[in-house]
There are 2 protein chains.
Amino acid sequence: MSGRAADGSGDPAAFPRNDSRTFANDGDALRFCSTCAFSQACLAEGMDKSGLADLHMLVEHIGPFREGEHIFREGDPFEAIAAVRAGTVKTYIVDRDGREHVLGFHLPGEVIGLNAIDGDHYPCNAVALDTVMLCRFSFPRISVLATQLPGLQRHLFRLMSRDISRAALHAGDWSADQRMAAFLIGLSRRLAARGFSPTRFQLTMARTDIANYLRLAPETVSRVLRRFQRDGLLQVDRRELELTDPPRLQALAAPVLRS
Amino acid sequence: MSGRAADGSGDPAAFPRNDSRTFANDGDALRFCSTCAFSQACLAEGMDKSGLADLHMLVEHIGPFREGEHIFREGDPFEAIAAVRAGTVKTYIVDRDGREHVLGFHLPGEVIGLNAIDGDHYPCNAVALDTVMLCRFSFPRISVLATQLPGLQRHLFRLMSRDISRAALHAGDWSADQRMAAFLIGLSRRLAARGFSPTRFQLTMARTDIANYLRLAPETVSRVLRRFQRDGLLQVDRRELELTDPPRLQALAAPVLRS
DNA sequence: CGTACTATTGAGTAGTATCAAAGCGTGTGG
DNA sequence: CCACACGCTTTGATACTACTCAATAGTACG
């Protein structure tokens with residue numbers, strides 16, 4: 001469990017608000033825009049169409065962030081949450097011994113920064129694992145909007161509640177095999193929910209990142225994956241992954257995921 | 001790590017809304033009422049005095065719950081969150097192997113049920129570890145109120161954000177000693193924040209509960225406590241505890257608590 | 001083609017869990 | 001009031017999971 005902060009050299013200021021990477025709110029940007037998912041969810045919570053317009057006025061599309069580039073760092077002043085539009089974001093902290101603890105991986109459609117609301121500063125780092133596009137929501141502004149749009153407020157409450165439960169599950173006491181299976185099945189489901197293949201996908205994170213997330217040693221991650229492959233549960237080549245026996249993996253993961 | 005659901009025999013319906021245990025909103029009840037803490041926090045967030053009245057209209061004082069009595073159970077329909085006014089509440093789940101996983105202990109002034117907002121049903125059980133009094137807030141009603149009182153909304157956001165961070169810390173990868181020290185220092189600080197002694201207090205939970213919370217075996221909890229005592233960090237007799245060397249305990253807990 | 005980094009593999013070990021049994025407190029019934 | 005029984009806690013001995021250390025292998029990049 002070594003783990004060192006992957007430092008993407010000199011990044012610009014954290015979570016830039018208006019820089020060259022911000023681009024217009026054009027149709028092309030909206031096509032894969034998770035704001036839509038965000039908006040959809042708010043509509044599902046009862047928000048009306050006019051709210052949609054207000055919400056879209058609020059959002060800023062930022063990116064691309066390149067691999068290794070930080071979106072925000074621990075201690076940066078908190079101003080905004082963001083929905084991932086494309087790519088994968090890793091959030092992590094580094095303890096005083098230099099060990100990295102990965103808090104989570106955030107896929108398209110998922111929201112980062114919710115753990116920063118209590119406090120003026122981000123309590124963790126967020127880094128792009130590949131090319132990342134974001135929808136940025138100023139938190140003061142989206143809060144105000146949430147008082148006017150109950151559907152939006154409800155969606156935010158739900159997102160945060162979900163994160164509490166997810167973190168609690170992740171805190172549970174499980175074997176290396178169970179945690180790895182739960183991690184893979186979790187990825188699979190989240191990708192499937194966004195229209196990606198649930199059985200063939202890329203691990204956008206390094207083995208070390210997986211290890212630091214699952215609180216395992218990198219060597220253990222390697223060994224578990226290899227054993228899973230020997231047992232016919234999956235095929236793994238470098239970062240390319242295919243789940244060849246999802247049912248058995250799910251059975252392993254079931255106690256962790258409670259499903 | 002055995003852990004079995006402590007079942008307090010036949011409880012009445014979950015989270016009763018109006019029963020014999022509900023009592024009037026009189027001065028005596030309010031004296032130690034965490035609604036006050038809740039209200040204070042909302043005022044600190046900018047809520048005005050009229051909001052205070054609205055909030056107090058909303059709250060229902062329920063209890064007492066006796067030791068072992070359940071406040072809600074996994075699967076019960078979600079209708080309300082609650083602030084602990086007195087006593088200790090344990091939240092936990094039981095996995096399919098019958099192992100109990102303790103999600104948290106909730107002291108006076110703390111709020112339970114926030115992880116249930118996403119979903120129609122409570123995702124966990126809540127049980128009284130001693131005599132517990134609660135302030136119940138109907139969630140639909142407090143949501144509506146939150147759209148009218150930005151200070152209240154802000155407070156709810158903060159509470160939930162804090163829970164996300166807390167759960168993430170708890171999920172970290174630490175030694176038995178570090179986890180135990182962090183647990184004790186955490187208790188101490190939370191008690192101190194409510195005006196109790198930070199150095200002398202009761203462990204209201206069983207060793208098994210502590211073990212299931214810290215994902216340790218009960219035997220390990222015993223051994224660590226005994227070693228801490230041998231090393232002069234604390235004095236423990238049954239459930240009576242005195243921290244005799246808080247600085248050293250804090251040093252142990254520091255990487256976990258990030259303080 | 002060489003270098004650097006990440007991933008894999010192997011051997012030995014540390015830290016906790018597990019199993020078994022005894023101790024202690026508390027409550028109960030005689 | 002005492003004897004007993006039950007539950008929780010403690011203690012000891014042993015086992016096992018996952019870590020650590022060390023070395024090799026494989027990839028990506030210059």
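Within every chain, numbering begins at 1; the chains are lettered A, B, ... in the order of the sequence lines, protein sequences first and strands thereafter. These numbers were taken from a predicted model, which means no experiment stands behind them. Every heavy atom of this structure was used, including side-chain atoms; hydrogens, water molecules and symmetry mates were not.
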Does the base of [N] carry an N or O that pairs as donor and acceptor with the side chain of [X] under 3.5 Å?
{"X": "B:Arg207", "N": "D:dG7", "answer": "no"}
{"X": "B:Arg239", "N": "C:dG25", "answer": "no"}
{"X": "B:Arg223", "N": "C:dT18", "answer": "yes"}

Rounded distance (Å) that lies between atom [atom2] of [N] and atom [atom1] of [X]:
{"X": "A:Leu214", "N": "D:dA18", "atom1": "CG", "atom2": "C1'", "value": "13 Å"}
{"X": "A:Gln229", "N": "C:dT8", "atom1": "CD", "atom2": "P", "value": "10 Å"}
{"X": "A:Arg227", "N": "C:dT8", "atom1": "CZ", "atom2": "P", "value": "14 Å"}
{"X": "A:Glu67", "N": "D:dA28", "atom1": "CD", "atom2": "P", "value": "12 Å"}
{"X": "A:Glu219", "N": "C:dT6", "atom1": "CD", "atom2": "C1'", "value": "12 Å"}
{"X": "B:Glu240", "N": "C:dT26", "atom1": "CD", "atom2": "P", "value": "12 Å"}

Could you tell me whether [X] and [Y] have a side-chain N and a carboxylate O separated by less than 4.0 Å?
{"X": "A:Arg215", "Y": "B:Asp173", "answer": "no"}
{"X": "A:Glu110", "Y": "A:Arg194", "answer": "no"}
{"X": "B:Arg227", "Y": "B:Asp177", "answer": "yes"}
{"X": "B:Arg258", "Y": "A:Glu74", "answer": "yes"}

Among the nucleotides C:dA17, D:dG12, C:dG25, which one has an atom lying closest to any side-chain atom of B:Leu216?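 Closest of the options to the side chain of B:Leu216: C:dA17.
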If only side-chain N and O atoms of [X] are considered, is one of them under 4.0 Å from the OP1 or OP2 phosphate oxygen of [N]?
{"X": "B:Thr220", "N": "C:dT16", "result": "no"}
{"X": "B:Ser222", "N": "D:dT9", "result": "no"}
{"X": "B:Thr208", "N": "D:dT9", "result": "yes"}

Give B:Arg238 one of three labels, base, sugar-phosphate or nothing, depending on what nucleic acid heavy atoms sit under 4.0 Å from its own.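 Here B:Arg238 touches the backbone only, sparing every base.
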Give the intermediate values and the outcome of side-chain hydrogen bond (donor to acceptor under 3.5 Å, both in side chains) for residues B:His106 and B:Thr91. CA-CA 8 Å; B:His106 307 268; B:Thr91 49; 3.0 Å; yes
Taking the nucleotide of DNA chain D with the closest heavy atom to each, which residue, A:Asp237 or B:Met205, is nearer the 5' end?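 So the residue in question is B:Met205.
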